[in-house]
Amino acid sequence: MPELPEVETVARDLRPLLVGRALVGVRRSRKALRQSWSKAWEAQLVGRRVETVLRRGKWLLVGLEGGSFLMVHLGMTGRFTVVAPGVATERHTHLVFPLDNAYELRFRDARRFGSVTYFPDQPAWQAFLANRLGPEPWDLAAADWRSALERTRRPVKAVLLDQTVVAGVGNIYADEACYAARIDPRRSGNTLRAAEADRLLQALRDVLARAIESGGSSIRDYVGGNGQQGGYQREFAVYSRPGEACPKCGRKIKCVRIAGRSTHYCSRCQK
DNA sequence: CCGACGTCCTGCTAGC
DNA sequence: TGCTAGCAGGACGTCG
């Protein structure tokens with residue numbers, strides 16, 4: 001679910017609610033997340049104040065005093081929110097960190113594709129992400145993006161979804177970026193000309209920036225760190241609208257399967 | 001080595 | 001109206 005704009009929104013929402021607050025305990029459900037929670041981490045966390053809330057790709061990092069970090073991935077259905085005192089614990093809540101102001105930081109995840117893990121310091125989580133994540137979209141050099149496309153026969157859509165090439169892009173924004181760049185997501189990476197690659201990278205950055213401004217996209221489960229919905233779903237040109245009219249030319253938007261993911265595009269506007 | 005595909009899990013809904 | 005197959009913002013392991 002949550003892609004870069006959603007995770008960025010959660011980070012921005014959580015920052016004022018968490019920084020300066022101390023975690024005063026840990027409660028958890030019996031169910032395992034994608035990575036199992038270690039009881040030994042709890043002693044490292046309890047009593048620590050939050051110093052920073054960061055985002056890297058689709059990962060959230062909560063920095064604690066003393067230099068340790070909680071690293072959170074929302075998977076498809078994860079929610080990471082601060083809730084007011086007295087709010088009943090909702091279904092699928094797997095981790096709760098009570099705060100020193102009686103509010104609670106809660107991790108909910110129906111499908112449990114998400115994870116919450118502990119790292120003792122910044123080099124440790126950076127090492128974990130090093131071989132999994134490429135640069136942020138704004139840090140990716142145009143030349144590196146071109147060469148990533150040139151050296152593969154995979155569809156452009158699959159390259160956009162590859163976290164080792166560029167961090168943070170998921171199914172929604174891959175489709176929206178291809179539409180904005182007028183590029184057919186089925187094309188092999190190595191068929192894109194340099195100008196097309198450049199156009200796609202620019203479109204990707206534009207789409208992501210606008211989605212962040214709207215607080216992300218809420219289509220099923222996603223809410224921000226304060227529980228509020230995003231608004232970018234109203235701006236979708238193609239995602240989740242197969243059969244509807246293309247906003248530019250009116251032709252019916254197509255939906256096909258690429259890299260195992262549903263992919264939406266306009267066959268007239270995207271070449 | 002590269003790329004396609006299955007798997008993890010629960011909930012919702014399109015279509016019968 | 002009621003049931004169920006199939007699909008859903010992701011990531012990773014396996015197979016050919």
Side-chain angles (χ1 to χ4, degrees), chain A residues 1-11 29-36 55-60 71-80 90-94 107-117 128-134 137 147-178 185-191 204 207-208 211-212 214-225 229-236 238-244 255-264:
Chain A
M1 108 194 230
E3 308 181 27
L4 188 155
E6 289 74 36
V7 181
E8 177 64 26
T9 302
V10 172
S29 72
R30 289 271 177 79
K31 304 262 186 139
L33 298 173
R34 172 169 268 276
Q35 307 196 41
S36 55
R55 179 196 59 75
R56 177 77 174 90
K58 299 176 196 172
W59 299 85
L60 271 169
M71 187 164 79
V72 178
H73 198 292
L74 300 174
M76 292 278 253
T77 52
R79 297 181 179 204
F80 198 44
E90 309 92 328
R91 197 164 149 75
H92 303 302
T93 299
H94 297 111
F107 182 81
R108 271 180 87 184
D109 187 0
R111 291 174 73 181
R112 288 186 279 127
F113 288 177
S115 61
V116 182
T117 45
F128 175 85
L129 293 181
N131 60 346
R132 288 176 168 81
L133 276 195
S147 81
L149 289 164
E150 276 165 16
R151 70 177 116 87
T152 187
R153 299 168 60 178
R154 297 150 82 202
V156 170
K157 168 75 180 257
V159 182
L160 282 165
L161 292 177
D162 185 339
Q163 301 300 298
T164 68
V165 172
V166 57
V169 184
N171 208 34
I172 293 176
Y173 301 106
D175 283 2
E176 293 296 316
C178 286
R186 300 170 299 173
R187 282 174 62 188
S188 290
N190 61 3
T191 67
L204 176 65
V207 163
L208 293 172
I212 291 170
S214 303
S217 305
S218 289
I219 50 183
R220 259 174 293 274
D221 305 277
Y222 169 74
V223 293
Q229 300 209 326
Y232 195 71
Q233 65 280 5
R234 291 189 290 269
E235 315 292 323
F236 291 165
V238 288
Y239 185 82
S240 86
R241 13 191 55 134
E244 292 183 34
C255 182
V256 296
R257 206 119 193 118
I258 303 178
R261 318 295 298 279
S262 62
T263 300
H264 313 77

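Residue numbers begin at 1 in each chain, while the letters A, B, ... track the order of the sequences.
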Just checking [X]: base, sugar-phosphate only, or nothing, at a heavy-atom cut-off of under 4.0 Å?
X	answer
A/Tyr239	sugar-phosphate
A/Gly260	nothing
A/Arg151	nothing
A/Ile219	base

Within less than 4.0 Å of OP1 or OP2 of [N], is there a side-chain N or O belonging to [X]?
X	N	value
A/Lys31	B/dC9	no
A/Ser262	C/dC7	no
A/Arg34	B/dT7	no
A/Arg112	B/dT10	yes
A/His92	B/dG11	yes

Return the stems involving DNA chain B, sorted by first number, where pairs are Watson-Crick (N1-N3 with N6-O4 or O6-N4) or G-U wobble (N1-O2 and O6-N3), both under 3.5 Å, and runs are 3 or more long.
->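 Output for stems: B:2-8 with C:10-16, B:10-16 with C:2-8.
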
Write down the distance between [atom1] ([X]) and [atom2] ([N]), rounded to a whole number of angstrom.
X	N	atom1	atom2	value
A/Met76	B/dC12	CE	P	15 Å
A/Arg30	B/dC9	CZ	P	18 Å
A/Leu129	C/dC12	CG	P	10 Å
A/Phe113	C/dG13	CZ	C1'	14 Å
A/Arg108	B/dG11	CZ	P	10 Å
A/Leu74	B/dC9	CG	C1'	16 Å

How far does the [atom1] atom of [N] sit from the matching atom of [M], given to the nearest Å?
N	M	atom1	value
B/dC5	C/dC7	P	14 Å
C/dG6	B/dG6	P	13 Å
C/dC3	B/dC9	P	27 Å

How long is the span from the OG1 atom in A/Thr191 to the CD atom in A/Glu150, to the nearest 0.5 Å?
->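 Those atoms lie 11.0 Å apart.
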
NZ-NE2 distance between A/Lys58 and A/His73, expressed to the nearest 0.5 angstrom |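 One finds 6.0 Å between NZ of A/Lys58 and NE2 of A/His73.
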
Would you check if the side chain of A/Ser218 reaches a backbone N or O of A/Gly230 as a donor-acceptor pair within less than 3.5 Å?
->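 Side chain of A/Ser218 to backbone of A/Gly230: a pair is present.
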
[X] and [Y]: which non-hydrogen atoms are nearest, and at how many Å?
X	Y	answer
A/Asp175	A/Lys157	OD1-NZ, 2.7 Å
A/Ala167	A/Leu4	O-CD1, 3.7 Å
A/Val156	A/Cys178	CG1-SG, 4.1 Å

Is the A/Tyr239-A/His264 ring centre distance short of 6.0 angstrom?
->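 Ring centroids of A/Tyr239 and A/His264 are less than 6.0 Å from each other.
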
Taking for each residue the nucleotide of DNA chain C bearing the nearest heavy atom, is the 5' side occupied by A/Arg111 or by A/Phe128?
->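 In this pair, the answer is A/Arg111.
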
Reference residue A/Tyr232; test side chain to side chain contact (heavy atoms under 4.5 Å, CB included); the match among A/Val207, A/Thr9, A/Leu208, A/Ile172 =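 Looking at A/Val207, A/Thr9, A/Leu208, A/Ile172, the match for A/Tyr232 under the side chain to side chain contact (heavy atoms under 4.5 Å, CB included) is A/Val207.
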
